[in-house]
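Read through the structure below, which is laid out as structure tokens, and then see the notes.
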Amino acid sequence: MIFRMTETLKERLERALVPDSECPYKLPAGWNWVRGEAIFEPQEEIEPEGESFRYIDREAIDVELNEIFGAKEILVRKAPRDARRKLHTGDTIFPMRNPSRPSIGFIDESLADCIASTDFFVCHPSELVHPRYLFLLMMSPYVVVGMAHRAKDNGDDILCEDDFMQFPFPLPSLAIQREIVETIDPLYAAENEKHKHVTFDMLDALEYLQTIYQMALSGTLTMEWRKENGVSFKEWIKEARLGDYYDVRVGCDVTTSENASGPKLLRLEDIQYGEVDWDHLARCNISEEDHRYFALHPGDIVIDRDGNLASERYLIKKDVDAVFASDLICLSEVEQGLLAEYLSVVFSFQPFWNEVKYLENENQKKGIDLESLRNLKLPLPSEEEQVMIAGAVKLMTGTGEKAIREFRDDHLRYREKKAKMLDKTFRGEWRELVEEYINSKQEEKSVDEIVEEAKAAFTGDFETDYLMLLGLNEKYKDREDSHEILRALSDVFAKQLESMGFGAPDEESGAVEENSIIN
């Protein structure tokens, strides 16, 4: 059925057409650049009624997946003042504050009775636009980046309704919109499902790591060591105040320069997955006095000033001619007895981070409140036991930390792939995108075929077979199902080892000897 516009809609469309001189980029024939006033109906406000209502704020939306997962049930008498946006089936909600990494959600039938926060602009589609086309469009890099620029131009990182109404959007015919939705929507949903699996795997790895840290900081990991060495648990439960052992200070507010001859400047962004590439750090110009005060030394620990203790921390392991920037906090030892390696374990355990965060909110200060960090209480075993704990944790968490680094890489890859998909779609290249996807699937080997490839290549020599499997992992690491391939290859290699006699029960005892992390 061909959509025929009424005169009113035609006039509305013509009024909203963007002049050729203002078009952001060239579109295919049959597409037009139109301002938002053509595709958005006016927003509506509503007062919560009855005993309770369902409320959607930014916390209810998964930023990575752009899915609304948790509308809150709230008593009307406790309704937030911003609970005013009326919703309809087919609406898209877009945040008006800090839109650079927006929480965008689609309102289906199950959410149509909810009320949204006024922090959202409700994209209520006109008859000129398909609701799902509009949802995909609002998630595209073109719209997200464009809205972020407008918010910054406003001076307060906040969008107004006119920003949406005057923004230029690419609009094909309704027939093309439906075709895009029918083909791209399933592809995008499939990428989201893969993204979810990566997220669940990463959460499992994080939970595993937290379990190890909890065992370490409760004395469980070193229980046998204490028994063998006659160490009383009373020594374990001693508490230490962090500020009695470490000086806590914020970094310097300087900038780097190509012509600078001073020390290198370590910034938060230079710490990637717990590592720093010192050779590529830029230098800065700084006074001699400040150089001495902000200099980094072996044993110092730097953490994210804004409080992301669990993911962004770094232990200085060698002499470096470097200072630390104002987005970092440095802890330098002033009293012996609390080893930096052990303290790094403490900072990895979420409950300690929660305590600092609570104090930060209570004091209403930006970032970590330094005094709350100095007053942080932590268990203080002997230095010998601290060494044992740090060593055991390093041994037990290596695999989990490596997995998390891989999961984060996958997150970035999925994010980039979805962004590329939407970018090409709204440049009119969506058919080519579908062809690329189909061709890539046809050319890919299945997981079973890869396993058979590995089986056929086994030689019976441990080192040769191990290197062969490493090569296969490297070969297929960029595939979307790389984790599934890795698991399958690991299983087949374990069976190969068993057939070669590795890991078999001891012939004399009839049992496999148990390994112990701490002897």
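When side chains are defined from C-beta on, Val302 does not count as touching Ile329, because their heavy atoms never get closer than 4.5 Å. A heavy-atom distance below 4.5 Å is not found between the side chains of Ile389 and Leu221. In this structure, Pro381 and Tyr342 have side chains that are in contact, with non-hydrogen atoms separated by less than 4.5 Å. With a 4.5 Å cut-off on side-chain heavy atoms, Ile368 and Asp304 do not count as touching. Taking 4.5 Å as the limit, every side-chain heavy atom of Val144 sits out of range of all side-chain heavy atoms of Pro99. Residues Ile56 and Ser117 form no side-chain contact, since every pair of their non-hydrogen atoms from C-beta on lies 4.5 Å or further apart. The shortest side-chain heavy-atom distance between Leu27 and Trp33 falls under the 4.5 Å cut-off. Ile39 is listed as a side-chain neighbour of Phe169, based on a closest heavy-atom distance under 4.5 Å.
For the pair Val323 and Pro263, the tightest heavy-atom approach, listed with the atom from each and the gap, is CG1-CG, 3.9 Å. Counting all heavy atoms, side chain and backbone alike, Asp277 lies closest to His280 at OD2-ND1, 2.7 Å. The two residues Ala419 and Pro141 come nearest to each other via the heavy atoms O-CG, 3.4 Å. For the residue pair Ala71 and Cys114, the shortest heavy atom distance occurs at CB-SG, 3.9 Å. The two atoms that bring Ser140 and Phe426 nearest to each other are CB-CD1, 3.8 Å, heavy atoms only. Contact detail for Ile301 and Ser344: the closest heavy-atom pair is CD1-N, 4.2 Å.
Of the possible polar contacts, one joining the Ser173 side chain to the Ile176 backbone as a donor-acceptor pair under 3.5 Å is found. Checking side-chain atoms of Gln386 against main-chain N and O of Gly337 turns up a donor-acceptor pair under 3.5 Å. Not a single donor-acceptor pair under 3.5 Å links the side chain of Asp91 to the backbone N or O of Ile107. For Glu333 (side chain) and Leu339 (main-chain N/O), no donor-acceptor pair under 3.5 Å exists by modelled atom type. Side-chain N or O atoms of Lys424 include none that pairs as donor or acceptor with a backbone N or O of Glu432 at under 3.5 Å. Between the Gln210 side chain and the Ser348 main chain, a donor and an acceptor come within less than 3.5 Å of each other. Listed for the Gln177 side chain is a donor-acceptor partner under 3.5 Å among the backbone atoms of Pro172. In terms of modelled atom types and a separation under 3.5 Å, the side chain of Arg267 and the main chain of Leu328 share no donor-acceptor contact. Of the possible donor and acceptor atoms, one in the side chain of Asp300 sits under 3.5 Å from a partner among the backbone N and O of His297. Remark: side-chain polar atoms of Tyr246 are paired, donor with acceptor, to backbone N or O of Leu338 under 3.5 angstrom.
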Can you list the steps and then say if Leu266 with Val276 is a side chain to side chain contact (heavy atoms under 4.5 Å, CB included)?
CA-CA 9 Å; Leu266 178 65; Val276 173; 3.9 Å; yes
Output, in order, the C-alpha distance, side-chain angles, deciding distance and verdict of side chain to side chain contact (heavy atoms under 4.5 Å, CB included) for Thr211 and Met215.
CA-CA 6 Å; Thr211 300; Met215 291 172 64; 4.2 Å; yes
Please step through salt bridge (Lys or Arg N to Asp or Glu O under 4.0 Å) for the pair Asp57 and Lys72, ending with a clear verdict.
CA-CA 8 Å; Asp57 58 7; Lys72 302 173 183 176; 2.8 Å; yes
Could you go step by step and tell me if Phe94 and Phe121 meet the ring-ring contact (aromatic ring centres under 6.0 Å, His included) rule?
CA-CA 5 Å; Phe94 192 103; Phe121 178 82; 8.5 Å; no
Side chain to side chain contact (heavy atoms under 4.5 Å, CB included) for Leu187 and Met421? Distances and angles first, verdict last.
CA-CA 9 Å; Leu187 293 183; Met421 179 186 296; 4.1 Å; yes
Yes or no on salt bridge (Lys or Arg N to Asp or Glu O under 4.0 Å) for Arg305 and Asp327, after CA distance, side-chain angles and deciding distance?
CA-CA 5 Å; Arg305 181 183 180 180; Asp327 57 359; over 6 Å; no
Apply side chain to side chain contact (heavy atoms under 4.5 Å, CB included) to the pair Tyr188 and Asn66, showing each step before the final yes or no.
CA-CA 11 Å; Tyr188 192 88; Asn66 295 118; 3.8 Å; yes
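Using a cutoff of 4.0 Å between basic side-chain nitrogens and carboxylate oxygens, Arg226 and Glu385 are scored as salt-bridged. Ion pairing between Glu341 and Lys394 fails under the 4.0 Å rule for side-chain N and carboxylate O. One finds a salt bridge joining Asp113 and Arg54 here, because a Lys/Arg side-chain nitrogen approaches an Asp/Glu carboxylate oxygen to under 4.0 Å. A salt bridge does not link Lys264 with Asp321: none of the charged nitrogens is closer than 4.0 Å to a carboxylate oxygen.
By the neighbour-count criterion of 12 heavy atoms within 6.0 Å, atom CD of Glu59 is sparsely surrounded, having that number or fewer from other residues, nucleotides or ligands. Residue Lys152 places its NZ atom among 12 or fewer non-hydrogen atoms of other residues, nucleotides or ligands, all under 6.0 Å distant. In this structure, Arg415 places its CZ atom where more than 12 heavy-atom neighbours from other residues, nucleotides or ligands lie under 6.0 Å away.
Separation of atoms CD1 (Ile184) and OH (Tyr133) is listed at 11.5 Å; rounding is to 0.5 Å. For the atom pair Ser103 OG and Leu65 CG, the distance stands at 11.5 Å (nearest 0.5 Å). Between the CZ atom in Arg58 and the CD1 atom in Ile104 there is a gap of 9.5 Å [rounded to 0.5 Å]. The CD atom of Glu67 lies 10.0 Å from the CG atom of Asp108; values are rounded to the nearest 0.5 Å. The line from CD1 of Ile180 to CG of Leu136 is 8.5 Å long, rounded to the nearest 0.5 Å. With values rounded to the nearest 0.5 angstrom, Lys418 atom NZ is found 9.5 Å from Tyr414 atom OH.
When each of Val345, Leu217, Leu242 is paired with Leu378, the side-chain contact (heavy atoms from CB on, under 4.5 Å) condition holds for Leu242 and for no other.
Both cation-pi conditions hold for Arg427 and Tyr25: the charged atom is under 6.0 angstrom from the six-membered ring centre and inside a 45 degree cone around its axis.
Annotation: Tyr142 is in aromatic contact with Phe167 [ring centroid separation under 6.0 Å].
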